[in-house]
> 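Take a look at this one; I'll ask things after.
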Amino acid sequence: MKKNVHNVKNAFLAIVAIMGVIGCQEDLDDLTELVIDSKPIELKDGTLKFASNEVYEGLLEKSDDLSLPEFLSYQKILEEYKQAKGTDLRVSEELLDNLEGFQDTPLLGILDKDGMVIIGDYLFSLDFERELVGVTNNSSLKNQMISKNFEHKNIRKFTFETDILSELDLAYDSSVEGVEKKYSTYENFRIQNCPGNIPPGTGIPLIPSNRDDVLEPDKKVEFTLTWVSSTFLREYRATALHVYQPAGIYFRLKTELSHDSRLYMQTNNWTPEPDSNMSVFYWGSFKPKNRSTVNLYNCWDSCQGCWPQPANRDKVQKVHWEAARRLDVINLYGIFRGRLGGDVAITTSGYEFRLQPILRN
């Protein structure tokens, strides 16, 4: 009799164990469904929402291949405005000037038509005209954020220079090496025309010769050379640029050299003109906030960050930094080489000059 009771007890315990396993499996299934249903990037009322700053930062690290839901971005609105189709973009000359430098960045493709994005629990509204960012976790204030009215106790206001994600304690703890890794595959991509290990600045003129002529020497240094071809009746220009672009939740440092042309004595727009002689030799260093210093020393004749790559070699660009974390220190120098007239009007000799550096400490 005791044996039968013992057998019954064992059978009962076995059934309970099986039911427990089934119950646990159901819980696991529910958990799996929750994980699957959790979207790192989604659209919320026409605005991109990143589940966390890690997701947002990760997207910037692979910004040459953005995979985003279909929506009306700030980039599309700006393109439509330029084509005079009429849009909802609130436009002023100052706004267009400030947006010009960001047109080839992933940022404008991330922001919605009102210049907003959601990261974690926060709604960010970028005002490019005043270079301010409004931040709130109160969804009822969306209309104020759209109108760039940041004067509310539940809206925090920051300048473009502020590392906002760090201020909000949302900063993704990635290493400098992790952010820089996105560019490592391009280091040997069509580097042909660079001068080699020439001592920086040896016998090469510095332009502008007077640093006081640079309006923002800690942020942007730009210089343009022009030449008119009487044979082709065209005007040619080469534009050299060092620029640090802060935008609160996006920061980029780059060196660029471009070549364009247009009909002489005309007011029509400049168009890209090929110049296979262009190259940039850059050196210096920069330091991201709370990170180690990154040293720079290389030559470059490709267009990093340009997708698709320009087929006619009208632009050289090197992106040194692109992330959600600001740079505290910048020492960026460069030697620029090319030929006005490019590959068509080849009657001119080449140019070679050092551009005044960006110095930011």
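FYI, side chains are in, hydrogens and waters are out, and symmetry mates aren't considered; it's all heavy atoms of this structure.
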> Does the side chain of P106 come within less than 4.5 Å of E322's, by heavy atoms?
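In short, these two side chains touch, coming nearer than 4.5 Å.
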> Taking atom CZ as the centre, does F71 end up with more than 12 heavy-atom neighbours from other residues, nucleotides or ligands that are less than 6.0 angstrom away?
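Yes, CZ of F71 has more than 12 neighbouring heavy atoms, counting only those of other groups under 6.0 Å.
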> Answer whether the closest heavy-atom distance between the side chains of I164 and R156 falls below 4.5 Å.
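Heavy-atom side-chain distance check fails, nothing below 4.5 Å.
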> side-chain contact (heavy atoms from CB on, under 4.5 Å), that's the test. Do K289 and L327 meet it? Break it down for me.
CA-CA 6 Å; K289 184 177 180 179; L327 298 179; over 6 Å; no
> Any ion pair linking R360 and E161 (charged N to carboxylate O, less than 4.0 Å)?
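Here E161 pairs with R360 in a salt bridge, since their nearest N and O are under 4.0 Å apart.
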> Would you check, one step at a time, whether the test side chain to side chain donor-acceptor pair (under 3.5 Å) holds for S125 with K148?
CA-CA 7 Å; S125 179; K148 312 305 177 186; 2.8 Å; yes
> If you draw a 6.0 Å radius around NZ in K220, do more than 12 non-hydrogen atoms from other residues or ligands fall strictly inside?
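No, because the 6.0 Å sphere around NZ of K220 holds 12 heavy atoms or fewer from other groups.
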> Look at the side-chain heavy atoms of Ile, Leu, Val, Met, Phe, Trp and Tyr, link any pair under 4.5 Å apart, and say whether V280 and I207 land in one connected group.
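Yes, V280 connects to I207 through the hydrophobic network.
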> Run the salt-bridge test on R326 and D328 with the 4.0 Å N-O cut-off and return the result as yes or no.
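Yes, charged N to carboxylate O under 4.0 Å.
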> Answer whether the closest heavy-atom distance between the side chains of D275 and D314 falls below 4.5 Å.
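D275 does not reach D314 side chain to side chain.
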> Give me the atom names and distance for the closest heavy-atom approach of G248 to V133.
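Closest heavy-atom pair between G248 and V133: CA-CG2, 4.3 Å.
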> Would you say that F50 contacts S52 through its side chain, given a criterion of any heavy-atom pair below 4.5 Å between the two side chains?
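No, too far: nothing below the 4.5 Å cut-off.
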> Locate the shortest heavy-atom distance separating Y244 from P246; write the atom from each residue and the value.
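The pair with the smallest heavy-atom distance is O-CD, 3.3 Å.
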> So which heavy atom on T47 is nearest to which on M116, and how close?
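The answer is CG2-O, 3.7 Å.
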> Is there a path of hydrophobic side-chain contacts, each under 4.5 Å between heavy atoms, that joins L206 and L257?
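Not linked; separate clusters.
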> Could you go through the salt bridge (Lys or Arg N to Asp or Glu O under 4.0 Å) check for E273 and K315 one step at a time?
CA-CA 9 Å; E273 185 73 37; K315 184 178 180 181; over 6 Å; no
> To check you understand the geometry: which heavy-atom pair defines the closest contact between V55 and P40, and what is its length?
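Residues V55 and P40, closest heavy atoms: CG1-O, 3.6 Å.
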> Counting N and O atoms only, with roles assigned by atom type, does the side chain of Y297 sit under 3.5 Å from a partner on the main chain of F281, one being a donor and the other an acceptor?
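No.
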> Which residue, L141, V135, I155, forms the side-chain contact (heavy atoms from CB on, under 4.5 Å) with F150?
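By the side-chain contact (heavy atoms from CB on, under 4.5 Å) criterion, F150 pairs with just one of L141, V135, I155: I155.
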> If every non-hydrogen atom of N277 is compared with every non-hydrogen atom of G342, which pair is closest and at what distance?
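Reported closest heavy-atom pair: ND2-O, 4.4 Å.
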> Is it true that S140 and N138 share a donor-acceptor pair across their side chains at a distance under 3.5 Å?
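Yes, S140 and N138 have a side-chain donor paired with an acceptor closer than 3.5 Å.
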> With under 30° as parallel and over 60° as perpendicular, where do the rings of F336 and F353 fit, or are they tilted in between?
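Rings of F336 and F353: parallel, under 30°.
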> Please answer whether the main-chain N or O of P357 pairs with a side-chain N or O of R211 as donor and acceptor at a distance below 3.5 Å.
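At least one qualifying donor-acceptor pair exists.
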> Taking atom types as modelled, find out whether S73 and Q75 have a side-chain donor-acceptor pair closer than 3.5 angstrom.
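Judged by distance alone, the side chains do not pair up.
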> For L225 versus L340, what's the shortest heavy-atom pair and its separation?
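Looking at all heavy atoms of both residues, the closest pair is O-CD2, 3.7 Å.
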> Given 3.5 Å as the limit, does a donor-acceptor pair link the side chain of K287 with the main chain of R291, or not?
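The answer is yes, because a donor-acceptor pair under 3.5 Å joins these two groups.
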> Verify salt bridge (Lys or Arg N to Asp or Glu O under 4.0 Å) between D104 and R252, making sure each step is shown before the conclusion.
CA-CA 11 Å; D104 64 341; R252 183 172 74 165; 2.8 Å; yes
> Report the C-alpha separation of L332 and L253 in whole Å, then their side-chain angles, then the decisive distance to 0.1 Å, and conclude whether the side-chain contact (heavy atoms from CB on, under 4.5 Å) test is met.
CA-CA 9 Å; L332 180 57; L253 176 67; 3.8 Å; yes
> In this structure, would L96 and L108 fall into the same cluster of hydrophobic residues linked by side-chain contacts under 4.5 Å?
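Same hydrophobic cluster.
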> Return the orientation label for the Y74 and F128 ring planes: parallel under 30°, perpendicular over 60°, tilted otherwise.
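Y74 and F128: parallel rings.
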> Side-chain heavy atoms under 4.5 angstrom apart, residues restricted to Ile, Leu, Val, Met, Phe, Trp, Tyr: same cluster for V221 and L296?
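Yes, it is one cluster - the side chains of V221 and L296 are joined through contacts under 4.5 Å.
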> Is the shortest side-chain heavy-atom distance between Y351 and M278 below 4.5 Å?
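Yes, close enough: below the 4.5 Å cut-off.
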> Determine whether a donor-acceptor pair (N or O, by modelled atom type, separation under 3.5 Å) exists between the side chain of D112 and the backbone of D114.
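Side chain of D112 to backbone of D114: a pair is present.
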> Quick check: do V214 and P208 have side-chain heavy atoms less than 4.5 Å from each other?
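Yes - at least one pair of side-chain heavy atoms lies under 4.5 Å apart.
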> For V243 and E256: C-alpha separation, side-chain torsions, deciding distance, then whether side-chain contact (heavy atoms from CB on, under 4.5 Å) applies.
CA-CA 8 Å; V243 63; E256 179 182 294; over 6 Å; no
> I'd like to know if L43 and F124 are part of one continuous hydrophobic network [Ile/Leu/Val/Met/Phe/Trp/Tyr, side-chain heavy atoms within less than 4.5 Å].
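Cluster IDs for F124 and L43 match.
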> Tell me, with the steps shown, if I118 and L48 meet side-chain contact (heavy atoms from CB on, under 4.5 Å).
CA-CA 6 Å; I118 302 170; L48 276 184; over 6 Å; no
> Between F251 and W321, does the ring-ring contact (aromatic ring centres under 6.0 Å, His included) criterion hold? Intermediate values first, please.
CA-CA 7 Å; F251 301 87; W321 177 259; 9.0 Å; no
> I'd like to know if the side chain of D127 reaches the main chain of E131, judged simply by a donor and an acceptor atom lying under 3.5 Å from each other, with no hydrogens or angles considered.
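No.
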> If only atom types and distance count, is the side chain of S147 paired as donor or acceptor with the main-chain N or O of Q144 below 3.5 Å?
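Answer holds: yes.
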> Just by distance, no angles: are the side chains of Q245 and Y250 close enough, under 3.5 Å, to form a donor-acceptor pair?
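Judged by distance alone, the side chains do not pair up.
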> Would you mind checking if K44 and E42 are paired as a salt bridge, meaning a charged N to carboxylate O distance below 4.0 Å?
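No, E42 and K44 are not salt-bridged.
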> When the ring centroid of W283 is compared with that of Y333, is the distance short of 6.0 Å?
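Under 6.0 Å, so yes.
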> Quick one: does I204's side chain get under 4.5 Å of R337's, heavy atoms only?
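Heavy-atom side-chain distance check passes, below 4.5 Å.
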> Take S276 and D343 through the test side chain to side chain donor-acceptor pair (under 3.5 Å) and record every step on the way to the result.
CA-CA 7 Å; S276 58; D343 297 339; 3.0 Å; yes
> Report all side-chain donor-acceptor pairs from residues 227-242 shorter than 3.5 Å, counting only partners two or more places apart or in another chain.
residue, atom, partner, partner atom, Å
S229, OG, T231, N, 3.4
S229, OG, F232, N, 3.1
R234, NE, S261, OG, 3.3
R234, NH2, S261, OG, 3.1
E235, OE1, R262, NE, 3.4
R237, NE, D260, OD2, 3.4
T239, OG1, T224, OG1, 3.4
H242, ND1, T255, OG1, 3.0
H242, NE2, G334, N, 3.4

